[in-house]
K.L.:
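Before I ask anything, let me first share the structure, which is written out below as structure tokens.
Each ligand, and each atom within it, is numbered from 1 in the order the structure gives.
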Amino acid sequence: MFLEANLTTASIESSRPFHYPTAKSALHCGKISLESLARKFGTPLYVYSADQILERLQLFQQAFAGRHHLVCYAVKANSSLAILKLLAEKGAGFDIVSGGELERVLAAAPEAIDRVVFSGVGKTTMEIDQALRAGILEFNVESEAELELLAARARKLKTKARFALRVNPDVFTETHPYISTGLREHKFGIDIRQALQIYKRSVGNRWLEAHGVSVHIGSQIRSAEPFGAAMERANKLVRQLDNAGIAINVVDAGGGLGIDYHDGGFDPAAKLTEYASALNQALEGFTGRLLLEPGRFIVAQAGALVARVLHVKHNGAKTFVITDAAMNDLIRPALYQAYHEIVPVRPRAGNARDVDVVGPICETGDFFARDRALKPLRPGDLVALLDAGAYGMAQSSNYNSRPRAAEVLVEGRSARLIRRRETVVDLLASEVVGPKS
Ligand SMILES: *Cc1c(COP(=O)(O)O)cnc(C)c1O
């Protein structure tokens, strides 16, 4: 029994901030019991470790300490204001993909605005104006038409726009097809073979400054090799630009470094060392500033979604564990067939049996796990879905008119609510029933 509990403990620890302090105690985030958080704030509840988020940022900063660099955290992974503030205070910049995310940075950390890069394939005129006025570091431009629009808006606002072309290096990445972006057939970026000509054409325009070269090849990429290949191609372009008299200050390596959703023994420091050495090797000769846009790697393992078991139901040979969290709270399993470790908040005795863990939404796709071996759970039990800090709350919705979960940030010995649970009143507030009579 003791041995078994220890095995459970060992299997989720190390790369995660969640652990069982003793064989009999409830799952903790750092020093705080998830049972007490669920009692106080209700479920479904997202819980994040501030300590781990900062630790991951620091790992990145240390891995690239040897060169001029800036970590621009990808806001879309988890855009909570409190988390943005936390990261900005430790020197992080931000990678944004919308005007809404720009507003988030301005609300949480206005002092970091000159550390913001703006990515995305479909920037609107309004968003471009907003970012030009705010004075961001760089626009990552994804088409020639967008560059023309950027120049026109910069001229209108009488300001110079620093840009990088997001080039498509045409490298293959082994990840889910929905989150692979670095092939010519994808909607992202500009064919790297056409980039040089576009930079050259921009030279005469006094409202544009060719500032950088950027790439982003996809997400949840576990191997360092494709990042190196993409950087080599970017570096080659920088040399060609240099030969053409266009001095580039910045190379933006994008984000995408993956974590291990299956193995709690995953070693993030070793992974980062490997990643940094692949990039540094590929960037041989480049002395400018390196931008990095990690999202998932910084926040994924810092977060868990805590849910309560509502019912345990047997249908034929299948057993369904129905929780109060659903695909609207965490869509990754439904959207990408993603795996999330599920552990009981109170260790459970008995033999593990295959069950489906599902939410209450009226969709067969509303599941967190299928045929997962779990020890017997009972109605009222709490479970934690691990590694849910990235693309969890950020991709949540109100489907089935379900108010979104609350979020709690654990900092050392204290925990605070960073987003209150939504109410149905919030949901209805923006709607109109019919014409005024
Ligand atoms: C999504 C995205 C990122 C972050 O990706 P992660 O896999 O979370 O590291 C970085 N840059 C761009 C341009 C993105 O679209």
K.L.:
Between S119 and ligand 1, which part of the residue brings a heavy atom under 4.0 Å of the ligand: side chain, backbone, both or neither?
P.N.:
side chain
K.L.:
Can you tell me which residue and heavy atom of the protein come closest to atom 13 (C) of ligand 1, and the distance to 0.1 Å?
P.N.:
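Going atom by atom, the protein heavy atom closest to atom 13 (C) of ligand 1 ends up being E293 OE1, 3.5 Å.
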K.L.:
Does D95 come within less than 4.0 Å of ligand 1, judged by its heavy atoms?
P.N.:
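So D95 counts as touching ligand 1.
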K.L.:
For the residue pair F266 and F297, categorise the inter-ring angle as parallel (less than 30°), tilted (30 to 60°) or perpendicular (more than 60°).
P.N.:
perpendicular
K.L.:
Establish, yes or no, whether a centroid distance under 6.0 Å links the rings of Y199 and F163.
P.N.:
yes
K.L.:
Do any heavy atoms of F188 fall under 4.0 Å from ligand 1?
P.N.:
no
K.L.:
Tell me the contacting part of H216 for ligand 1: side chain, backbone, both, or neither, using a 4.0 Å heavy-atom threshold, strictly below.
P.N.:
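Answer for H216: side chain.
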K.L.:
Which donor-acceptor pairs under 3.5 Å do side chains of residues 234-247 form with protein atoms, sequence neighbours excluded?
P.N.:
unit_1	atom_1	unit_2	atom_2	d
N235	ND2	A282	O	3.0
N235	ND2	E284	O	2.9
N243	ND2	R239	O	3.4

K.L.:
Could you check atom 15 (O) of ligand 1 against the protein and tell me its nearest heavy-atom contact, residue, atom and distance included?
P.N.:
K76 NZ, 2.7 Å
K.L.:
If we only consider heavy atoms of A390, is any one of them less than 4.0 Å away from an atom in ligand 1?
P.N.:
no
K.L.:
With nothing but distance in play, are any N or O atoms of A74 less than 3.5 Å from an N or O of ligand 1?
P.N.:
no
K.L.:
If the plane angle is over 60° it's perpendicular, under 30° parallel, otherwise tilted; pick one for H69 and F64.
P.N.:
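It falls in the tilted class, 30° to 60°.
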K.L.:
How long is the gap from NZ on K271 to CG on D260, to the nearest 0.5 Å?
P.N.:
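Rounded to the nearest 0.5 Å, the NZ-CG separation comes to 9.0 Å.
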K.L.:
Considering only heavy atoms, does F297 approach ligand 1 within less than 4.0 Å through its side chain, its backbone, both, or neither?
P.N.:
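Neither part.
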K.L.:
I'd like to know if the side chain of Y73 and the backbone of N78 have a donor-acceptor N/O pair within less than 3.5 Å.
P.N.:
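Pair found, side chain donor or acceptor close to backbone of N78.
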K.L.:
Consider every N or O of A77 and every N or O of ligand 1, then say whether any pair is closer than 3.5 Å.
P.N.:
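No, A77 has no N/O under 3.5 Å of an N/O on ligand 1.
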K.L.:
Could you go through residues 286-294 and list every donor-acceptor pair under 3.5 Å that involves a side-chain atom there, pairing it with any protein atom two or more places apart or in another chain?
P.N.:
unit_1	atom_1	unit_2	atom_2	d
E293	OE2	N140	ND2	3.4

K.L.:
So which of G254, A394, G256 gets nearest to atom 9 (O) of ligand 1, if we judge by its closest heavy atom?
P.N.:
G256
K.L.:
Are a donor atom and an acceptor atom from the side chains of S219 and R296 found within less than 3.5 Å of each other?
P.N.:
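Indeed, the side chains of S219 and R296 share at least one donor-acceptor pair under 3.5 Å.
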